[in-house]
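Quick caveat: nothing in here was measured; it's all calculated off a predicted structure. Worth knowing before you read on, the calculation uses all heavy atoms, side chains too, and leaves out hydrogens, waters and symmetry mates. Proteins get letters first, then strands, A, B, ... in listed order; numbering begins at 1 in each.
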Protein chains: 2
Amino acid sequence: MPMASSPVPVEGPLEHGLHQDGRRLTPQRRLILDLFEQIGGGTHLSAEDVHRLLVDSKARVSLATIYRTLRLLVDMGFLQELELSDGGRRFELSSGDHGDHHHLICVRCGRTEEFESNPVLEAGAEAAKRFGFELIESSLNVRAICPNCR
Amino acid sequence: MPMASSPVPVEGPLEHGLHQDGRRLTPQRRLILDLFEQIGGGTHLSAEDVHRLLVDSKARVSLATIYRTLRLLVDMGFLQELELSDGGRRFELSSGDHGDHHHLICVRCGRTEEFESNPVLEAGAEAAKRFGFELIESSLNVRAICPNCR
DNA sequence: ATACGTGCAAACGCTTTGCACGTCC
DNA sequence: GGACGTGCAAAGCGTTTGCACGTAT
């Protein structure tokens, strides 16, 4: 039988990544990443969404910290930033598998569906190669009108 | 010999579209659309770009009118709005042929190359169909680093 | 102990809007 | 003549930043 108590609650990737750069693990950073992990991989949240959700759950985080932490988590690779059609920036948990995502967006109500497509990924990679660019990621945004809004 | 003067200088699509809705053809609207037509189809301009170019050429147009007119021209289908990686909104002449465009964007310097890809268009159309959406347009944004910035 | 992070509020950049005046039909 | 469009300046919105205080290491 193992020891009953483990004073260090298993150093996760967040702690590890932060400490490597001399940065610190704060309750706010933990809360923000936890929120994305609990809410699941396919959800797109704005900075204000994150703030409201955390405040609603009695957490004490300022909007400024949300913005700073979201940028940090994107830089560290935990989150990905999305550029949807309305100009609003959204964030979602990095999908460890590919890193590329395609979105079908209703221009009326904002409803967004995700899908995958290998031909699209290949086309992006090929275009980058042709122009001598180093590929980071490719994202297809399909602007459309959803069944409810028609 | 025909009459020497033709008081209506050939009503173009802009005049026609405007008058249909009880809207008016103003010098500002003409200037803004002319700018895009002269500069060519592949160029992406921000609202400020348009303003600066017009002011530089001695035109008298306010930034507010630029914004109002850009939206109008997009609504009328003469221009298309682009959502590039940095969150900046850009506009370009509607390419009469397809209406879909794909961009390769350098995340460091903002250099943008355009390319075409039928598989991408097909993938977008197929996704829209699968979810029951009515397709408007699809755009692939490939985030990458250009040769100069590497 | 000390560098790093936070909250607050002000500043910021881009975009929109209220209003009085001007202009196209 | 009258509705529509413009310019100006102010407001709006999402985001960033300076600063003093707090806290993780």
Side-chain angles (χ1 to χ4, degrees), chain A residues 7-9 11-12 14-33 44-55 58-76 78-79 81-91 110, chain B residues 7-9 11-12 14-33 35 44-52 54-55 58-76 78-79 81-91 110:
Chain A
V8 179
E11 173 166 310
L14 178 57
E15 288 88 325
H16 185 253
L18 286 169
H19 291 167
Q20 260 187 341
D21 287 335
R23 298 200 192 104
R24 291 170 188 178
L25 176 63
T26 64
Q28 291 87 341
R29 289 173 178 178
R30 173 91 275 156
L31 277 168
I32 292 171
L33 184 51
H44 313 141
L45 299 179
S46 69
E48 299 252 17
D49 289 339
V50 174
H51 188 231
R52 189 173 29 72
L53 286 169
L54 289 178
V55 167
K58 315 298 180 216
R60 207 176 134 279
V61 197
S62 73
L63 191 51
T65 291
I66 305 281
Y67 278 107
R68 287 186 280 231
T69 302
L70 287 176
R71 186 144 34 116
L72 175 69
L73 292 176
V74 169
D75 288 345
M76 294 179 70
F78 290 102
L79 299 183
E81 193 173 344
L82 311 176
E83 308 277 346
L84 298 188
S85 63
D86 55 357
R89 287 154 68 186
R90 295 291 146 79
F91 300 83
Chain B
V8 179
E11 175 167 307
L14 178 57
E15 289 88 325
H16 185 253
L18 286 169
H19 291 168
Q20 260 188 339
D21 285 337
R23 299 200 191 104
R24 292 171 188 177
L25 175 63
T26 64
Q28 290 89 340
R29 290 174 176 177
R30 174 92 274 156
L31 278 168
I32 292 171
L33 184 52
L35 174 64
H44 311 141
L45 300 178
S46 68
E48 300 251 17
D49 290 338
V50 174
H51 187 232
R52 189 173 30 72
L54 290 179
V55 168
K58 317 297 180 214
R60 207 175 135 281
V61 197
S62 74
L63 190 52
T65 291
I66 305 281
Y67 277 106
R68 286 186 281 231
T69 302
L70 288 175
R71 185 144 35 113
L72 175 70
L73 293 175
V74 168
D75 288 346
M76 294 181 68
F78 289 102
L79 300 181
E81 193 172 343
L82 311 175
E83 307 278 347
L84 298 187
S85 63
D86 55 357
R89 287 153 68 185
R90 295 292 147 79
F91 299 83

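- Rounded to whole angstrom, the span from the CG atom of A:Leu63 across to the C1' atom of C:dC12 amounts to 15 Å.
- Counting heavy atoms from C-beta outward, B:Val61 and B:Val55 have side chains that stay 4.5 Å or more apart.
- In this entry the distance linking CZ of B:Arg23 with P of D:dT6 reads 11 Å, nearest Å.
- Rounded to whole angstrom, the span from the CZ atom of B:Arg30 across to the P atom of D:dC4 amounts to 21 Å.
- Taking only side-chain nitrogens and oxygens, A:Thr26 never comes nearer than 4.0 Å to OP1 or OP2 of D:dT23.
- For B:Arg89 and C:dC14, the shortest distance from a side-chain N or O to OP1 or OP2 is not below 4.0 Å.
- Residues A:Leu31 and A:Thr69 have side chains not in contact (no heavy-atom distance under 4.5 Å, counting atoms from C-beta outward).
- Between A:Glu81 and A:Arg89 there is a salt bridge, since a side-chain N of the basic residue sits under 4.0 Å from a carboxylate O of the acidic one.
- B:Leu72 places a side-chain heavy atom less than 4.5 Å from the side chain of B:Arg29.
- Between B:Leu14 atom CG and C:dC25 atom P there is a gap of 11 Å when expressed in whole angstrom units.
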query: Can you give the dot-bracket line for DNA chain D, where a pair is Watson-Crick or G-U wobble with both atom distances under 3.5 Å, crossing pairs use [ ], and | marks a partner on another strand?
result: |||||||||||||||||||||||||
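- Salt bridge A:Glu15/A:Arg30: present, at least one basic N to carboxylate O contact under 4.0 Å.
- For B:Gln28 and C:dT23, the shortest distance from a side-chain N or O to OP1 or OP2 is not below 4.0 Å.
- Side-chain atoms of A:Thr26 and A:Leu18, non-hydrogen and from C-beta on, never get closer than 4.5 Å to each other.
- Within residues 64-72 of chain B, the residues that place at least one heavy atom under 4.0 Å from DNA chain D are, in residue-number order, B:Ala64, B:Thr65, B:Arg68.
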- request: Kindly determine whether B:Leu14 and B:Phe78 satisfy side chain to side chain contact (heavy atoms under 4.5 Å, CB included), including the steps that lead there.
  value: CA-CA 8 Å; B:Leu14 178 57; B:Phe78 289 102; 4.1 Å; yes
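- Mapping A:Gly22 and B:Arg24 onto DNA chain C by nearest heavy atom places A:Gly22 closer to the 5' end of the strand.
- Side-chain proximity of B:Arg29 to the nucleotides D:dG7, D:dT6, C:dG5 is greatest for D:dT6.
- Whole-Å rounding puts the B:Asp21 CG to D:dG5 P distance at 10 Å.
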